[in-house]
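All figures in this text were calculated on a predicted structure; none of them were measured in a lab.
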Amino acid sequence: MAHEEFTEDDWRRMIASIGEDPQRPGLLETPARVTKAWKHWTSGYGQDPVELLKAFEDGAEQYNELIVVRGIPVYSHCEHHLAPFFGKATIGYVPNGKIVGLSKLTRLVDCFSKRLQVQERMTMQIANALMEVLEPKAVGVVVRCRHLCMESRGIRTPGEETITSAMLGELQPNLAMRTEFLALARES
């Protein structure tokens, strides 16, 4: 899909449109900085989740318990207001002969969070990518975030967390496994 670049001139126009002077010394470099920042904040569009999750079969064949990584940082922007939302993700899975390097789970969260998002879809995208690539017995994802669109405007609920989860594979019917995963995902 071809797209037109959003340029420094566009950011200067935006700054002027809110009543500021883009030529003011403190704002002179802002358009360049913001352009660079948004390239970083949306770099997930250029990443392939399948490529990020290169699995390996060394040593995992016998392991069939939950592997859980907690505290994975989430920094994203909501697609409704382009406002930041941020928090932490927990990912767990029960391998079925394939494991993935633990840092890859952090990269997977980063890939989907560096797109314009809603937290619910992002949670499902992370879970579905793991299911598709690793073909594990189970996948669980819990994401807890604060949304600046809610905290700084409108209803103004500071500190409120939104928690979303996705449970796929054996985590759906297996109550004991689900309970264990949610206990491990709970903040201490």
Side-chain angles (χ1 to χ4, degrees), residues 1-3 5 35-79 82 84-147 162-174 176-188:
M1 164 171 86
H3 62 279
E5 288 290 318
T35 299
K36 187 176 178 184
W38 274 101
K39 276 188 173 49
H40 173 75
W41 289 333
T42 56
S43 60
Y45 290 109
Q47 295 178 302
D48 178 0
V50 173
E51 281 301 303
L52 291 175
L53 284 175
K54 290 278 195 213
F56 50 92
E57 298 179 24
D58 181 28
E61 299 81 8
Q62 306 306 312
Y63 193 88
N64 61 359
E65 296 293 327
L66 270 168
I67 297 169
V68 176
V69 179
R70 280 191 334 194
I72 300 170
V74 173
Y75 295 102
S76 193
H77 287 82
C78 83
E79 64 185 38
L82 303 185
F85 68 92
F86 57 94
K88 299 210 179 299
T90 298
I91 297 179
Y93 72 100
V94 177
N96 193 12
K98 285 192 246 177
I99 59 173
V100 69
L102 299 178
S103 68
K104 303 287 190 215
L105 299 178
T106 300
R107 288 201 179 109
L108 182 66
V109 170
D110 202 50
C111 167
F112 285 118
S113 66
K114 285 192 173 140
R115 299 175 181 193
L116 299 181
Q117 279 292 11
V118 295
Q119 183 175 327
E120 299 86 342
R121 180 179 61 233
M122 182 183 72
T123 303
M124 285 306 304
Q125 286 174 328
I126 294 165
N128 286 331
L130 276 167
M131 258 333 242
E132 184 186 319
V133 178
L134 288 187
E135 301 172 330
K137 294 177 184 164
V139 167
V141 178
V142 175
V143 179
R144 14 170 52 95
C145 287
R146 291 174 58 185
H147 292 252
T162 299
I163 302 171
T164 51
S165 66
M167 310 282 171
L168 303 178
E170 287 179 20
L171 271 171
Q172 284 181 336
N174 186 328
M177 184 187 291
R178 188 183 186 102
T179 304
E180 180 187 359
F181 170 67
L182 290 172
L184 290 169
R186 200 167 294 121
E187 285 189 337
S188 37

Q: With the side chain counted from C-beta on, respond yes when M122 and T164 share a heavy-atom pair under 4.5 Å apart, and no when they do not.
A: no
Q | Gap separating the OG atom of S113 from the CZ atom of F86, nearest 0.5 angstrom | A | 13.0 Å
(Q) Quick check: closest heavy atoms across I72 and T106, and the distance to 0.1 Å? (A) CG2-CA, 3.8 Å
Q: Please step through side chain to side chain contact (heavy atoms under 4.5 Å, CB included) for the pair V94 and E170, ending with a clear verdict.
A: CA-CA 9 Å; V94 177; E170 287 179 20; 5.6 Å; no
(Q) I'd like to know whether L108 forms a side chain to side chain contact (heavy atoms under 4.5 Å, CB included) with L53, so could you lay out the CA-CA distance, the side-chain angles of the two residues, the decisive distance to 0.1 Å, and finally the verdict. (A) CA-CA 7 Å; L108 182 66; L53 284 175; 3.9 Å; yes
Q. Does anything in residues 127-140 pair up under salt bridge (Lys or Arg N to Asp or Glu O under 4.0 Å), and if so which pairs, sequence neighbours excluded?
A. K98-E135
Q. If you look at every heavy atom in I67 and P95, which pair is closest and at what distance?
A. CD1-CG, 3.8 Å
(Q) Looking at every non-hydrogen atom in both residues, tell me the closest pair between V109 and P73 and how far apart they are. (A) CG1-O, 3.8 Å
Q) Among pairs that include at least one residue of residues 47-56, which meet salt bridge (Lys or Arg N to Asp or Glu O under 4.0 Å), considering only residues two or more places apart or in two chains? A) E51-K54
**Q.** Heavy-atom pair with the smallest gap, counting every atom of L52 and C111
**A.** CD1-CB, 3.5 Å
Q.
For a 4.5 angstrom cut-off between non-hydrogen side-chain atoms, does L130 reach L105?
A. yes
Q: Would you list the pairs meeting salt bridge (Lys or Arg N to Asp or Glu O under 4.0 Å) in which at least one residue belongs to residues 104-113, sequence neighbours left out?
A: D110-K114
(Q) Measuring from atom OG of S76 to atom CG of L116, what distance do you get when rounded to the nearest 0.5 angstrom? (A) 7.5 Å
Q: State whether the side chain of R70 and the backbone N or O of R186 hold a donor-acceptor pair below 3.5 Å, judged by distance alone.
A: yes
Q) salt bridge (Lys or Arg N to Asp or Glu O under 4.0 Å) with E65: which residues, sequence neighbours excluded? A) none
Q: Tell me, please, which residues at least two apart from H147 pass side-chain hydrogen bond (donor to acceptor under 3.5 Å, both in side chains).
A: Q119
Q: Any chance you could lay out the side chain to side chain contact (heavy atoms under 4.5 Å, CB included) test for Y93 and L171, step after step, and finish with the verdict?
A: CA-CA 9 Å; Y93 72 100; L171 271 171; over 6 Å; no
Q: Calculate, to the nearest 0.5 Å, the distance between atoms CZ and CG belonging to F112 and N128 respectively.
A: 8.5 Å
Q | Atom of F181, atom of V68 and distance for their closest heavy-atom approach | A | CD1-CG2, 4.1 Å
Q | K88 NZ to R144 CZ distance, which is reported to the nearest 0.5 Å | A | 11.0 Å
Q. Taking only residues two or more places apart in sequence or in another chain, which ones pass side-chain hydrogen bond (donor to acceptor under 3.5 Å, both in side chains) with E79?
A. R121
Q | Side chain proximity check, S165 to V142, heavy atoms < 4.5 angstrom | A | yes
Q: For the pair H77 and W41, name the ring-plane relationship: parallel under 30°, tilted 30 to 60°, perpendicular over 60°.
A: tilted
Q | Heavy-atom pair of closest approach, residues A166 and A127 | A | CB-CB, 3.8 Å
Q. Which is it for M124 and L168 under the side chain to side chain contact (heavy atoms under 4.5 Å, CB included) test, yes or no, and what are the steps along the way?
A. CA-CA 9 Å; M124 285 306 304; L168 303 178; 4.3 Å; yes
Q: Can you measure from CD (Q125) to CZ (R115) and round to the nearest 0.5 angstrom?
A: 6.0 Å
